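First the structure, in the form of structure tokens, and then the observations on it.
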Amino acid sequence: MKILVTGGAGYIGSHTCVELINAGYEVVIADNFLNSCPVVLDRIKELTGRDFGFYECDLRDRAPLDKIFAEHKIDAVIHFAGLKAVGESVEKPLEYYDNNLGCTLTLCEAMRAANCKRLVFSSSATVYGMNNPSPLREDMPIGGTTNPYGTTKYMIELILRDLYASDNTWSIALLRYFNPIGAHKSGRIGENPNGIPNNLMPYITQVAVGKLPYINVFGNDYDTPDGTGVRDYIHVVDLALGHLKAVEKIMSGTGIDAYNLGTGKGYSVLEMIRSLEKASGKKLNYKIMGRRPGDLASCYSDPSKALRELGWRAERGLEEMCEDSWRWQSMNPEGY
């Protein structure tokens, strides 16, 4: 079975490609390297011992997509491609709407023309907005997003539901991620942010490796066990394996449904720092700053639907997540 993976050279995409290939799937990757690096492709080959199709293209351009579908019998698509930095999306909303919506619309048009109607979409827990209490469940209302990045994910979910309503031969899984961290056990692929990291774990590991002086902790007066924000962190390999289960699901029938991919357990910022200190053997400096507007005290998933309907659960705990994050960062202090 052949899977097209858009954004397959990215952080989550590359780990998913490794797991797909190791599970016996054929893979075709489409990526424009805006948030990724060509070296990743060599490392996927190194880790799997297998080659795969690759196309460097912008998904808003229909022609290369038509070429992919003409040259390969694609059975299903996993759609990761998109801009993903929350802060940047506030500064550049038009670019985010143009890229994230444009990529998805053009992809779906090309899929429809090729009669390939099985899609796994990389969504986000940001679609739940600010008003739902944790643990977050898939039957809660979505919307009320607080930044353009999150709004693009929400809008794409609506678009895909409308698409299914118009043609119920589609089969679509909407995977709502929580906070992926960790890396492949080999330390050969991992999270490689451009510039100053937007996410907590690569920021912590860059402090540990000496690239950054200290960690900013935004708020220590939340109603949480230690006063710092609590989030649901998930190992990127567990997340990748969730995509394999979603592919099995969409191949088994038609429909559209959403699934939380999280652990169901939250960890605080200070817990994350202490766990990385243990993994790295280094004392990490941090500074308590004021709260950031829009930050929640805690946000974590109820992942029971994914277990019930996909047969998936997260297996890797915080210690393993931090050990693997540190192995990647220490082996690749400058990234790829």
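Only this structure's heavy atoms are used, side chains among them; waters, hydrogens and symmetry mates stay out. The model shown is predicted, which means the values in this text are computed figures rather than measured ones.
Residues V236 and E191 are not in side-chain contact: their nearest non-hydrogen atoms beyond the backbone lie 4.5 Å or more apart.
Both tests pass for R291 against the ring of Y222: distance under 6.0 Å to the centre and angle within 45° of the axis. Note that K265 lies outside the cation-pi zone of Y300, set by a 6.0 Å cut-off to the ring centre and a 45° limit from the axis.
Scanning all heavy atoms of the two residues, the minimum distance from I181 to Y11 falls at C-OH, 3.0 Å. When every heavy atom of M251 is checked against every heavy atom of D75, the shortest pair comes out as SD-O, 4.0 Å. Residue A246 comes nearest to L310 through the heavy atom pair CA-CD2, 4.4 Å, listed as atom of the first residue, atom of the second, then distance. Across all non-hydrogen atoms, the minimal contact from A9 to D31 is N-OD2, 3.0 Å. The heavy-atom pair separating F80 from H243 by the smallest distance is CE2-NE2, 3.4 Å. Heavy-atom minimum distance, V209 versus S330: CG2-CA, 4.5 Å.
The pair D98-R60 meets the salt-bridge criterion, with a side-chain N (NZ, NE, NH1 or NH2) lying under 4.0 Å from an Asp/Glu carboxylate O. Ionic pairing of E277 and K282 is not present here: no N-O contact between side-chain nitrogen and carboxylate oxygen is shorter than 4.0 angstrom. With respect to E334 and K211, a salt bridge is recorded, a charged nitrogen being found less than 4.0 Å from a carboxylate O. Using a 4.0 Å cut-off between charged nitrogen and carboxylate oxygen, D238 and R313 do not count as a salt-bridge pair. Salt-bridge check for D257 with K305: passed, with a basic side-chain N closer than 4.0 Å to an acidic carboxylate O. Salt bridge status for R176 with E157: present, with a side-chain N to carboxylate O gap under 4.0 Å. With respect to the salt-bridge test (charged N to carboxylate O, under 4.0 angstrom), the residues K67 and E71 qualify.
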- Message: Could you walk me through whether H184 and D324 satisfy the side-chain hydrogen bond (donor to acceptor under 3.5 Å, both in side chains) test, starting with their C-alpha distance in whole Å, then the side-chain angles of each, then the deciding distance to 0.1 Å, before giving a yes or no?
- Response: CA-CA 7 Å; H184 191 271; D324 293 343; over 6 Å; no
- Message: Applying side-chain hydrogen bond (donor to acceptor under 3.5 Å, both in side chains) to S122 and Y177, what does each step give before you reach the verdict?
- Response: CA-CA 8 Å; S122 159; Y177 307 165; 3.2 Å; yes
- Query: Run the side chain to side chain contact (heavy atoms under 4.5 Å, CB included) check on C108 and L163 step by step: do they pass?
  - Reply: CA-CA 9 Å; C108 289; L163 176 60; 4.1 Å; yes
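Using a distance-only test at 3.5 Å, with no hydrogens or angles considered, no donor-acceptor pair links the side chain of S325 to the main chain of C322. The backbone N or O of L136 lies less than 3.5 Å from no partner atom in the side chain of S134, so there is not a single donor-acceptor pair. Put simply, the side chain of R231 never gets that close to the backbone of Y267: no donor and acceptor are under 3.5 Å apart. Of the possible polar contacts, one joining the T152 side chain to the Y149 backbone as a donor-acceptor pair under 3.5 Å is found. No side-chain donor-acceptor contact under 3.5 Å links N168 to the backbone of T254. Between the D302 side chain and the S304 main chain, a donor and an acceptor come within less than 3.5 Å of each other. A donor-acceptor contact shorter than 3.5 Å is absent between the side chain of N99 and the backbone of E95.
For Y154 and F121, the gap between ring centers reaches or exceeds 6.0 Å.
Residue F178 is not grouped with residue Y259 when hydrophobic side chains (ILVMFWY) are merged at heavy-atom distances under 4.5 angstrom, including chains of intermediate members.
Side-chain atoms of K153 and S123 form no donor-acceptor pair, as typed in the model, at a separation below 3.5 Å. Of the N and O atoms on the side chains of N194 and N35, at least one donor lies less than 3.5 Å from an acceptor on the other residue. E88 and Y96 form a side-chain donor-acceptor contact under 3.5 Å, judged by distance and modelled atom types alone.
Of the options V27, V237, T48, a side-chain contact (heavy atoms from CB on, under 4.5 Å) to V18 is made by T48 and by none of the others. Here the rule is side-chain hydrogen bond (donor to acceptor under 3.5 Å, both in side chains) with S268, and of D226, N220, T224 only D226 fits it.
In this view, N260 and Y128 satisfy the side-chain hydrogen bond (donor to acceptor under 3.5 Å, both in side chains) rule, not counting sequence neighbours.
Environment of CD in E109: crowded, with over 12 heavy atoms of neighbouring residues, nucleotides or ligands closer than 6.0 Å.
Here CE of M155 is found 9.0 Å from OG1 of T145. Values are rounded to the nearest 0.5 Å.
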